[in-house]
**Student:** 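Got a structure for you, written out below as structure tokens; questions coming shortly.
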Amino acid sequence: MNAHTIEALLAEEILAACPELGTVPSDASLTGDLGLDSLTLTSLFASVKAEFGHVSLAPWFIAASNSGTDTVGSLAAFIADRLAARAA
Amino acid sequence: MPARILAIETTTPPVAYSQRELFDQVFSKWYADIPDAEKLFMNTTVQQRFTSWTPEQLATRVLTTAERVELWAESTMDMGRRLMARLFEQVDKSRIGSFVMATCTGYVGPSPELQLAGEFGLPASLRRTFIGHMGCYAAFNVMKTALDAVDARPGELVLANATEVCTVHLRPEATREQVVTHALFGDASASMILGSVDEPGGGPVILRTRTETVYETTEMMTWTITDTGFRMTLSPYVPFILGEKIGPLIEGLCADEGIALSDLKWWGIHPGGPKIVDFIGKEMGLSDAQLRASRHVLANYGNCSSATILLVLEEIMKTDRPAPGDYGVLTGFGPGLTMESTLIRF
């Protein structure tokens, strides 16, 4: 599964929880631009686990926090990389 | 070498305010431009906090750091005096050989443990250690220092304290992150007397500690000094990191002692926020009963930084009343990210 497809799935999950957002741009920060609260984040990461099996997101949490770029696109790219590594 | 907890006492400033009172009287004005501020504030599960200020004082003006630290000193000494008076009804103060104290919410020199030791007539030869600015996990450093002191001089007793006056650093900075941090913190002080396991009278034994620092996460939680108070930042991803890292830490702690994870009956989790307790509970497969004390402290005191885990320990001891021989673990977190753990046999 490529990053684009994963990003679409993530956007679908986010819009299901927060329909008022209307759209989820790739470069939108989850906590900044989209303003997702801890409950929505918890639900989002639980859905990642349910959809893709156990993927340790700790490296993404760290990188996203340190750079201030916790974007939907970066999360999708990270998951795609991990899935590719798992399949290799 | 392990050490026995011979006494534990906790205290707070005299008055608690409900989360609703605090929001309506102070924070609703500070966060008027943040649409979901009330929801963020109330979602913390904190019901009340003890504060060293009144809501009226909080709402008046923005104090300088010097003014805040002056208030910290007054409250620290007040709480310290009350705790020491209670402790010295239980142990012979002439046997206190070391005094170790932690805080991250204010500084003064001579430091508070020196002033308190002088007021209560502790020996001039007292070994004093003041641990500053380490954050919410500093009670573990207090315990580690105490363990070393007991190991080196088993005939002496150690006075151990963690005091935090977090509420003097409330500041009207209107961001969603600051709404959450300002909804969590309260004031408290906690003290223990520790001695060798051969001391008479029973009491829980601190068996060992284990630390894990995630060096690449230094930006995720910070505590810096500004001209208008100390300022905390807290990444919303901290609970998720801790949820992933807690298992190996506690497994290592148990392995060091040669016991199984399933031997741990009692859990004291530093309730930095509700998600931290939830995530760790889920990751470690804990029951609501095992999370009760941590949630109780968060609801009734808020996050009192380094003093919090000792409030949780006292709550376990007084309400849950573990059976002699039960194993328990205390765990706490703070800037670093640093994860600390202590294994206890009740």
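By convention in this document, chain letters (A, B, ...) are assigned in the order of the sequence lines, proteins followed by strands, and residues within each chain are numbered from 1.
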**Student:** Look up atom CG in B:L337 and atom CD1 in A:I62, then write down how far apart they are to the nearest 0.5 Å.
**Tutor:**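 Nearest 0.5 Å value for the CG-CD1 distance: 8.0 Å.
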**Student:** Counting a contact as any heavy-atom pair under 4.5 Å apart, which residues of residues 75-88 of chain A contact chain B?
**Tutor:**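 If one takes a 4.5 Å heavy-atom cut-off, no residue of residues 75-88 of chain A lies near chain B.
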**Student:** Would you find more than 12 non-hydrogen atoms of other residues, nucleotides or ligands less than 6.0 Å from A:E12 atom CD?
**Tutor:**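 Open: at most 12 neighbouring heavy atoms sit under 6.0 Å from CD of A:E12.
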**Student:** Assess whether a salt bridge exists between B:R176 and A:D37, defined as any Lys/Arg side-chain N lying under 4.0 Å from an Asp/Glu carboxylate O.
**Tutor:**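 Salt bridge absent between B:R176 and A:D37.
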**Student:** How long is the straight-line distance from NZ of B:K275 back to OG1 of A:T42, given to the nearest 0.5 Å?
**Tutor:**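 The distance works out to 4.5 Å.
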**Student:** Can you tell which part of B:E244 gets under 4.5 Å to a heavy atom of chain A, answering side chain, backbone, both or neither?
**Tutor:**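 When you check distances to chain A, only side chain atoms of B:E244 fall under 4.5 Å.
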**Student:** Counting only heavy atoms not in B:K29 (residues, nucleotides, ligands), do more than 12 fall under 6.0 Å from its NZ?
**Tutor:**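 It does: B:K29 NZ has more than 12 such atoms within range.
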**Student:** Within residues 226-241 of chain B, which residues come under 4.5 Å of chain A, heavy atom to heavy atom?
**Tutor:**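 The residues closer than 4.5 Å to chain A, in numerical order, are B:S235, B:P236, B:Y237, B:F240, B:I241.
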